[in-house]
Each structure stands twice: as structure tokens, then as C-alpha cells.
Amino acid sequence: MGPIQIKQILAEAAVGSNVTVKGWVRTKRESKNAIFIAINDGSTIHNIQAVAEPGQIAEDTLKLITTGSCLKVTGALVASQGSGQAVEVKIADVHVYGTADPDAYPLQPKKHSLEFLREIAHLRPRTNTFSAILRLRHALAFAVHKYYNDNGFFYLHTPIITASDAEGAGEMFRVTTLDMYNPPKNDEGKIDFKQDFFGRETNLTVSGQLEGELGAMALSKIYTFGPTFRAENSNTTRHLAEFWMIEPEMAFFELEDNMNLAEDFVKYVISYALENCAADLDFLQKRLEEEEKQKPQNERSMPLIEKLRFVVDNAFERVTYTEAIDILLKSKPHKEKKFQYDVAWGIDLQSEHERFLVEKHFKKPVILINYPRAIKAFYMKQNAPNPAEPGPTVRAMDVLFPGIGEIIGGSQREEDHDKLVARMHEVGIEPEAIWWYLETRKFGTAPHAGFGLGFERLVLFVTGMGNIRDVIPFPRTPQSAEF
RNA sequence: UCUCGAGUAGCUCAGUCGGUUAGAGCAUCUGACUGUUAAUCAGAGGGUCGCUGGUUCGAGCCCAGCCUCGAGAGCCA
């Protein structure tokens, strides 16, 4: 359907056949005997080279063919006389769809910083790096759907606009149609949300999990994959105000099953990228190698593709929170007081602790389970008391990745109604506010489990990029929503 | 939100102890050369030194406030 793309031409078109190429000019080089135009249409990282003889293209047309301009080129596909490519298009006809004034077009045929490209996010998909990232992002998203579909899961569409903040997962964005400058007030002088669109306060979702559990209690295995919003003032390379989250939720799964699924799933999507995005990964790997050259020898990391293969080929390390604390207490940085935050059973592990476990101690992805109850969400299933553990724990599970930190957070859910309600009272959540959620425990409750995976963190890992703002087309971060 | 760092040409940066006319590479334009590969060579154009105020005979440089960007931390996915 539609015109043939450069990817197809390079892979399939016969030498001698007539082809039409539509795309954007990356570079133009003129010489005495030939004019070379490198054209890219985003279908692949590779450009196609179009060649014309001097004088063949009218002088005023040739002037319009500059970096960034858009062309249609027709001609015969021929074996290339040069060494950089196998085939090229011998130009018979050129049409300029759109020009790009070289003085004004910001993408020059030279290296640009990622910071600069963020300022021109509307144009950065036209660079090699970002087109490669966007193709990988697509492939990973497709692999997510394929994995769950092939494994008997149903894609459940949970709401974007919600009235609940049961999880307390973070600050929320308010959704309202009330007049901000003159909101209606009730008898108490407070804003009268009864007059708002939904007749109550609403926000953008921070998680589809609670609704996901409703789906799992009917369809057994569901997943969500949609946008999620956090109004936290987070300014890091790992946080976005708008990001995409994948949340499978499964009836009749216990923590062990949940871990198995998480590991199998992550390995599958990474394998899919390795098999289907070889050229893009190769490009990103070379790009990273250039960057690594700036670093001292001992700080350099494994080449990208080797790193991905390593994750796919090796079992994730599974350790309990209690064992992890023990490892940290015996660790060199703890003994030498190198950790900024103190280690003791009951603490929420800090970035430095997670990094030590993943990058120094185990040197592979780690699944941490059975966290102290006090530092985890109310809906996590409570473990029976264990004499080896100083306090009560819950069946939580965090998957930690090198360089990324927490990529997955999940748990087996508390299916006992009374325990769940008791826990809600302890942490100050009004059960009445999510009566519908609690009814899953009243009517045909079942053991179940699930997790959330931050899609951009996965893309970050697979592309080897360093900043999450560079793996989503139009990042939303504090003070930034231009495009 | 906190800590640290940065802001000088379209981009990436240099700019000595505060001193006279603000520099380089790349990009752009012009010319030369060449089946070229982000070509090469030569020349040219291109600046409100983030903003506001202050110190000083004199500020890109020192001081204060603000803005923006980046790195790390917290929160988390």
C-alpha cells in the first residue's frame, strides 16, 4: 500500500528496475562528473543514494535540493560504482515537494547535542538517532501486545480520567471544566465540584491497576498499556510527567508466577528488538561507542547488543529484601561508610543501594521480593510472620535493571477483604472511596498478582540512551510541554 | 523540591590577572577540486557575551537577584 519505501527498495528491488523514492535529503554532494543526494524516508536507518549527471538537473531546481528538503526521485536502480552502498538510483526525474532554507533549517549535516535536539523535538525524528529510537519504540510496543496476545491475555482499556487516588502513587493532574477564574462555591465557601463536568473531583490516572484487577477477576489474564500521569516535580533522567505504562494483572497467579511472567516478558520483548531491529541497534551501539571513547577505560560498559543478549541469556537474580539488606550490611561501601544513606532492615532502598546490588554485587538484573509492609502499598498481600525477618513483610516485587534502577514494580495482591480493609484504615485510606474495588474481595475473590512496567524505562534500556526525555517523541516534564 | 554545574556566532566550545577591534572548529554562502560517503581545500558573511541591576576609569570576566538548561538526590515506573 502506498509508495514503495526505501527499506523495501534496498532489500527487494531488482537492479535495473525503475523505482520512485520519496524522502528527505540528508546531504547533497556535487562533483564534476556526478551529483550525489542521500535520501532518507524513515523506513530504515539507511539512506538511498540518488545520482545525477551535472547539467541534468536544472540549475534552479538543484539549488532547492538542500539538507532537509523533501524530494520525489524516479530512475533506474543500478549497482553503485562507489563503495559505500550496493545500489543507487540513477536519477531520471526529480520533483521537489518542499524546500528547507539552509540558513533557517536547524538540522545541519553534523553532530548535534541531545540537549539541542530536545529544543527542536518537532524535527528531531529526522535524525538517525531519533528515527532509530522511534522505530525501536514501535517494535517494543508491538512486541508487548504480541507477547500478551500470544499468552492468553486480554488488552483492557482502563480509564485515563479517574476519581480515585487510592494508590497514593503521587501528585495528580486535575481534570475540570470549571471556570478557573471564578469557580462555583458551596455553602462552606469551598469549590463546588458537584457543578464540575463529572459532578466530582477528577484527575488523570496515575495507574490502571485497580481497574486492571477488576478485569482480572473476570477475564483471568489482562494487561493495560496506556498513558499515565504524575504531577510530581521530578527532574531526573528517569522520570516523565506523562509516560506509558504496561500493567498485567492475573487471577490465580502468586508471587512466584508473577516473577516468572515479568522475567519471561522482559526477555521476550528484548529478544524481539534484537531480532527485528538489528540495523537500528547497530547504529545506536556505534553511537554509544563514540561516547564511551570520552570516558576512562574502567568506566566503559559492555557494547549495547552484548548487554541486551546478556540480559536475555541469563536468569535474573531473585533475592528477598531481608537477604539484600544482609548483603548491603556486609558490603564494602557500608563498612567504609561510603553510602550516603544508612542501611538497616526497614529502610526503603535508596538508588545507591539498588545500584550496588545490581551493578556491583550481582552484575545482572535483580528481582527483590518480600519488602517490609510499612514501606509498600496497602493492596500488597501480607506474608505470614517469618522468624528470619525482623518485621512483617508483603509479597512485593521490584525488578531492578543496571543503569535504570526500578523498571518493574509489582506484587501479589491481598485477596482477603478484612485484611485489606484493616490495612487501609492503618494507612488512612477511606474504604468507601473505592467500594467497587473492595467488592472484588467480597464476591468470588481469588489469589491474583500483577505488576507495572514503565515503558520508557524499557526503551531507555534497550536503546542505551541516558535520558528518558530522548526515548519518547514529545516529552512532558516540569516546565516543558512545548510540542 | 534540594545540591552542584552551565548559559559567548545556526551548532559545539575557547576566551589568561578586569584593559583597547570577541576567537576556533563545524554548519551556511562563494570559488576550486574530486564517483562522492557528515567529501576535501581556499575565501566570505555571521555576536544585544541568558535577563535585570550593581561595583569599577573600564565588565564576556567580579557581586546580587531572576530565567533557562544539564547532572545528581528525593518521589517513583
Side-chain angles (χ1 to χ4, degrees), chain A residues 25-38 40 46-54 63 66-68 78-85 88 90 100-120 127-128 167-171 206-209 227-247 262 290 339-341 348-352 354-355 375-377 398-401 404-410 451-461 466-472 477-480 482:
Chain A
V25 174
R26 287 295 172 76
T27 60
K28 179 182 72 172
R29 290 176 292 274
E30 293 181 67
S31 72
K32 194 168 236 167
N33 302 317
I35 297 158
F36 303 97
I37 307 167
N40 188 285
H46 301 298
N47 300 330
I48 197 162
Q49 176 163 282
V51 189
E53 280 169 26
K63 268 197 157 48
T66 58
T67 300
V78 297
S80 179
Q81 296 172 37
S83 58
Q85 55 286 315
E88 64 194 19
K90 196 170 187 309
D101 178 2
D103 281 332
Y105 186 62
L107 289 173
Q108 305 144 357
K110 58 162 286 189
K111 193 171 163 40
H112 293 288
S113 68
L114 295 170
E115 291 83 358
F116 173 66
L117 292 173
R118 262 170 236 152
E119 293 171 15
I120 51 166
T127 63
N128 285 333
E167 229 193 313
E171 289 296 307
V206 294
S207 163
Q209 183 200 316
T228 311
F229 308 87
R230 305 273 165 93
E232 295 287 349
N233 192 7
S234 295
N235 295 285
T236 78
T237 53
R238 308 180 302 285
H239 291 85
L240 291 165
E242 176 182 298
F243 64 100
W244 287 66
M245 189 150 66
I246 297 146
E247 294 178 287
E290 287 296 310
F339 285 136
Q340 198 187 331
Y341 293 85
D348 212 346
L349 295 178
Q350 304 295 318
S351 291
E352 58 179 352
E354 295 182 348
R355 263 208 310 276
I375 58 170
K376 286 292 182 183
D398 280 3
V399 180
L400 309 177
F401 261 45
I404 309 285
E406 186 179 343
I407 196 164
I408 285 176
F451 60 81
L453 176 140
F455 184 57
E456 283 74 18
R457 290 194 180 170
L458 176 71
V459 183
L460 205 51
F461 182 75
N467 191 316
I468 201 161
R469 291 162 201 156
D470 296 329
V471 298
I472 187 167
T477 54
Q479 299 301 311
S480 173
E482 178 78 14

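As the structure is a prediction and not an experimental result, all values here were calculated from the model. Letters go in sequence order (proteins before strands), and every chain restarts at 1.
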Worksheet item: Under 4.0 Å between a side-chain N/O of A:S113 and OP1 or OP2 of B:U12, yes or no?
Response: yes
Worksheet item: Under the 5.5 Å and 30° test, is A:F243 stacked on the base of B:A77?
Response: yes
Worksheet entry | B:G15 to B:U20 separation - C1' atoms, rounded to the nearest Å | 16 Å
Discussion item. In whole Å, measure the gap between the P atoms of B:G10 and B:G53 for me.
Written reply: 24 Å
Discussion item. Under 4.0 Å, heavy atoms only, any strand: does A:F401 hit a base, just the sugar-phosphate, or nothing?
Written reply: nothing
Worksheet item: Heavy atoms under 4.0 Å, any strand shown: does A:I246 hit a base, just sugar-phosphate, or nothing?
Response: nothing
For nucleotides 69-71 of chain B, give me every protein contact, N/O to N/O, under 3.5 Å, one pair per line with atom names.
{"residue": "B:G70", "atom": "OP1", "partner": "A:R118", "partner atom": "NH1", "Å": "3.0"}
{"residue": "B:G70", "atom": "OP1", "partner": "A:R469", "partner atom": "NH1", "Å": "3.1"}
{"residue": "B:G70", "atom": "OP2", "partner": "A:R469", "partner atom": "NH1", "Å": "3.4"}
{"residue": "B:A71", "atom": "OP1", "partner": "A:N467", "partner atom": "ND2", "Å": "2.9"}
{"residue": "B:A71", "atom": "OP2", "partner": "A:N467", "partner atom": "ND2", "Å": "3.3"}

Please list, for nucleotides 45-47 of chain B, all pairs of protein and nucleotide N/O atoms separated by less than 3.5 Å.
none

Item to complete: Can you tell me the distance, in whole Å, between the CD atom of A:E30 and the P atom of B:G31?
Response: 10 Å
Worksheet entry | Position toward the 5' end of RNA chain B (nearest nucleotide), A:N233 or A:A34 | A:N233
Fill in: Pairing string, 5' to 3', for RNA chain B - Watson-Crick or wobble contacts under 3.5 Å, brackets [ ] where pairs cross, | to another strand
(((((((..((((.....[...)))).(((((.......))))).....(((((..]....))))))))))))....
Item to complete: Not counting sequence neighbours, list each pair that qualifies as a salt bridge (Lys or Arg N to Asp or Glu O under 4.0 Å) and has a residue in residues 25-36 of chain A.
Response: A:K28-A:E30
Worksheet, complete the sentence: With sequence neighbours left out, the residues meeting side chain to side chain contact (heavy atoms under 4.5 Å, CB included) with A:F339 are A:L328, A:S331, A:P333, A:H334, A:V343, A:E352, A:H353, A:F356
Practice prompt. Looking only at side-chain atoms of A:R457, point me to the closest of B:U34, B:A73, B:A77.
Written response: B:A77
Worksheet item: What nucleotide among B:G74, B:C11, B:A73 has an atom nearest to a side-chain atom of A:F116?
Response: B:C11
Collect all protein-nucleotide pairs involving nucleotides 36-38 of chain B in which both atoms are nitrogen or oxygen and the distance is under 3.5 Å.
{"residue": "B:U36", "atom": "O2'", "partner": "A:R29", "partner atom": "NE", "Å": "3.2"}
{"residue": "B:U36", "atom": "O2", "partner": "A:R29", "partner atom": "NE", "Å": "2.8"}
{"residue": "B:U36", "atom": "O2", "partner": "A:R29", "partner atom": "NH2", "Å": "3.1"}
{"residue": "B:U36", "atom": "N3", "partner": "A:Q49", "partner atom": "OE1", "Å": "3.0"}
{"residue": "B:U36", "atom": "N3", "partner": "A:Q49", "partner atom": "NE2", "Å": "3.1"}
{"residue": "B:U36", "atom": "O4", "partner": "A:Q49", "partner atom": "NE2", "Å": "2.7"}
{"residue": "B:U36", "atom": "O4", "partner": "A:Q85", "partner atom": "NE2", "Å": "2.9"}
{"residue": "B:U37", "atom": "O2", "partner": "A:Q85", "partner atom": "OE1", "Å": "3.1"}
{"residue": "B:U37", "atom": "N3", "partner": "A:Q85", "partner atom": "OE1", "Å": "3.3"}
{"residue": "B:U37", "atom": "N3", "partner": "A:Q85", "partner atom": "NE2", "Å": "3.4"}
{"residue": "B:U37", "atom": "O4", "partner": "A:S83", "partner atom": "N", "Å": "2.8"}
{"residue": "B:U37", "atom": "O4", "partner": "A:G84", "partner atom": "N", "Å": "3.2"}
{"residue": "B:A38", "atom": "N1", "partner": "A:K111", "partner atom": "N", "Å": "3.0"}
{"residue": "B:A38", "atom": "N3", "partner": "A:P109", "partner atom": "O", "Å": "3.1"}

